[in-house]
2 protein chains.
Amino acid sequence: MKKTILIFGSLAFSLLLLFQISKYSLIGKDFEIEGVLAIVAVVFFIVGVYLNKRSLHTEKRLEGEIDLEKIKALELSKREYEVLVEISMGYSNKEIADKLFVTESTIKTHVSNLLVKLNAKRRTQAIQIAKELRIL
Amino acid sequence: MKKTILIFGSLAFSLLLLFQISKYSLIGKDFEIEGVLAIVAVVFFIVGVYLNKRSLHTEKRLEGEIDLEKIKALELSKREYEVLVEISMGYSNKEIADKLFVTESTIKTHVSNLLVKLNAKRRTQAIQIAKELRIL
DNA sequence: ACGCTTTTGGTACTTTAGTATGAGCCTGTT
DNA sequence: AACAGGCTCATACTAAAGTACCAAAAGCGT
């Protein structure tokens, strides 16, 4: 947020400068009005596109990537997180057990601990909560 | 894609027109150069922002929003889709039943049909498949 | 070596989920 | 009117999922 304001401010300031310079350099010679107009148009068009892309990019960061900090905060162990990922892929406990080369018992234990730590009652709810926490 | 090209083309054309008009109306009276420059700058800035937002919005449709066409293609009924949404929210069959004012039996029927149509074995897998199909 | 956490595994049991099948009710279409 | 599709509900299962409790082996920092 602070960065956006700073960048926007300095950009506006420098554009104002350019604006003033071009205005004064025009006094007396009105045969290049078209050129100046075109330049101004292109510059502001590019600035518009650039600023917009930046702001949208910032928004996207709030939607996409995973948050490693919260995994620690929730005290999720490596194995528990692995199981969580497999659950979100739609696998059953047995399938996860085969994938990770352990027994179904072990997976059940992990899942139970997982549900407690995520404060979920079902694995589907765990998926939903994990995605809200940007853990998945 | 076609729409984007059309809109972009017509916008460019009309802007060219405005550009020409403003140019000719300026001949002889160079005391309003600043105003015209400002207007051109603002207009192109807005156009830049708008066009950029549009193109990014189109990209986002490939990531975010739901695809109503595929829901029809899969022959999912209204009720089945409602149940699918509730499942993805992490609710149990009983909870969904209470929410939709029907019995758990009904929800089970819907879920069963849902799994067949989505070619899933479990509700968690249904969520995963539905999200890949951009149904959720 | 000792304490601590993680990972693993088991038994026994309860609760959800999911399948199969059949059936009644409503609604829009032919 | 007849028919198809969608929604509802029930019974009777089977199969997963989840809980509770316990316990041994492994890994790790002090």
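All figures in this text were calculated on a predicted structure; none of them were measured in a lab. Naming convention: chains lettered A, B, ... in sequence-line order (proteins, then strands); numbering from 1 in each chain. Keep in mind that the numbers below use all heavy atoms, side chains included, and drop hydrogens, waters and symmetry copies.
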For A:Ser92, which residues count as a side chain to side chain contact (heavy atoms under 4.5 Å, CB included) partner, sequence neighbours excluded?
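Per chain and number, A:Ser92 pairs via side chain to side chain contact (heavy atoms under 4.5 Å, CB included) with A:Lys94, A:Glu95, B:Arg122.
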Distance in angstrom units between [X] [atom1] and [N] [atom2], rounded:
| X | N | atom1 | atom2 | answer |
| --- | --- | --- | --- | --- |
| A:Ile107 | D:dA16 | CD1 | C1' | 14 Å |
| A:Leu84 | D:dA17 | CG | C1' | 16 Å |
| B:Asn113 | C:dT21 | CG | P | 13 Å |

Ignoring backbone atoms, establish whether B:His110 has a side-chain N or O less than 4.0 Å from OP1 or OP2 of D:dC7.
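No, no such contact exists.
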OP1, OP2 of C:dG18 versus side-chain N and O of B:Ser112: anything below 4.0 Å?
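So the side-chain polar atoms of B:Ser112 never come under 4.0 Å of the phosphate oxygens OP1 or OP2 of C:dG18.
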List for me each residue that meets salt bridge (Lys or Arg N to Asp or Glu O under 4.0 Å) alongside [X], sequence neighbours excluded, and say none if there are none.
| X | value |
| --- | --- |
| B:Lys131 | none |
| B:Glu104 | none |
| B:Lys121 | none |
| B:Lys99 | B:Glu86 |

Output one line per pair: protein atom, nucleotide atom from nucleotides 10-12 of chain D, and distance, for all N/O pairs under 3.5 Å.
{"from": "D:dA10", "atom 1": "N7", "to": "B:Ser105", "atom 2": "OG", "distance (Å)": "3.3"}

Taking five pairs at each end, how big is the angle between the two axes of the helix from C:dA1-D:dT30 to C:dT30-D:dA1, to 10°?
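The end-segment axes of the helix from C:dA1-D:dT30 to C:dT30-D:dA1 are tilted 50° relative to each other.
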Is there a residue in [range] whose heavy atoms reach under 4.0 Å of DNA chain C, and which residues are they?
| range | result |
| --- | --- |
| residues 67-82 of chain B | none |
| residues 92-102 of chain B | B:Ser92, B:Asn93 |
| residues 114-126 of chain A | A:Arg122 |

Look for any protein N or O under 3.5 Å of an N or O in nucleotides 25-30 of chain D and output each such pair with its distance, or none.
none

Do B:Asn113 and B:Arg79 pair up side chain to side chain, a donor and an acceptor below 3.5 Å, judged on atom types alone?
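Side-chain D/A pair, B:Asn113 to B:Arg79: absent.
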Polar side chain donor-acceptor pair, B:Thr103 to B:Thr106, under 3.5 angstrom:
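Yes.
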Any side-chain heavy atom of A:Leu118 within less than 4.5 Å of one from A:Ile135?
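No, every pair of side-chain atoms sits at 4.5 Å or beyond.
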[X] side, atom [atom1]; [Y] side, atom [atom2] - distance, nearest 0.5 Å:
| X | Y | atom1 | atom2 | answer |
| --- | --- | --- | --- | --- |
| A:Leu84 | A:His110 | CG | NE2 | 12.5 Å |
| B:Ile129 | B:Leu115 | CD1 | CG | 9.0 Å |
| A:Asn119 | A:Lys117 | CG | NZ | 13.5 Å |
| B:Tyr91 | B:Leu100 | OH | CG | 11.0 Å |
| B:Gln128 | B:Leu136 | CD | CG | 10.5 Å |

Between B:Leu133 and B:Asp67, does the side-chain contact (heavy atoms from CB on, under 4.5 Å) criterion hold? Intermediate values first, please.
CA-CA 8 Å; B:Leu133 294 175; B:Asp67 190 342; over 6 Å; no
Please answer whether the main-chain N or O of B:Val85 pairs with a side-chain N or O of B:Ser88 as donor and acceptor at a distance below 3.5 Å.
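Flag set: sc B:Ser88 to bb B:Val85 pair under 3.5 Å.
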Take B:Val111 and B:Ile96 through the side-chain contact (heavy atoms from CB on, under 4.5 Å) test and state the conclusion after the steps.
CA-CA 11 Å; B:Val111 172; B:Ile96 298 171; 5.8 Å; no
When you look at B:Arg123 and B:Asn93, which way does the side-chain contact (heavy atoms from CB on, under 4.5 Å) test go after all the steps?
CA-CA 11 Å; B:Arg123 48 175 46 211; B:Asn93 289 336; 2.3 Å; yes
Name each donor-acceptor pair under 3.5 Å that joins a side chain in residues 69-78 of chain A to protein atoms two or more places apart or in another chain, with its distance.
{"from": "A:Ser77", "atom 1": "OG", "to": "A:Glu80", "atom 2": "N", "distance (Å)": "3.3"}
{"from": "A:Ser77", "atom 1": "OG", "to": "A:Glu80", "atom 2": "OE1", "distance (Å)": "3.4"}

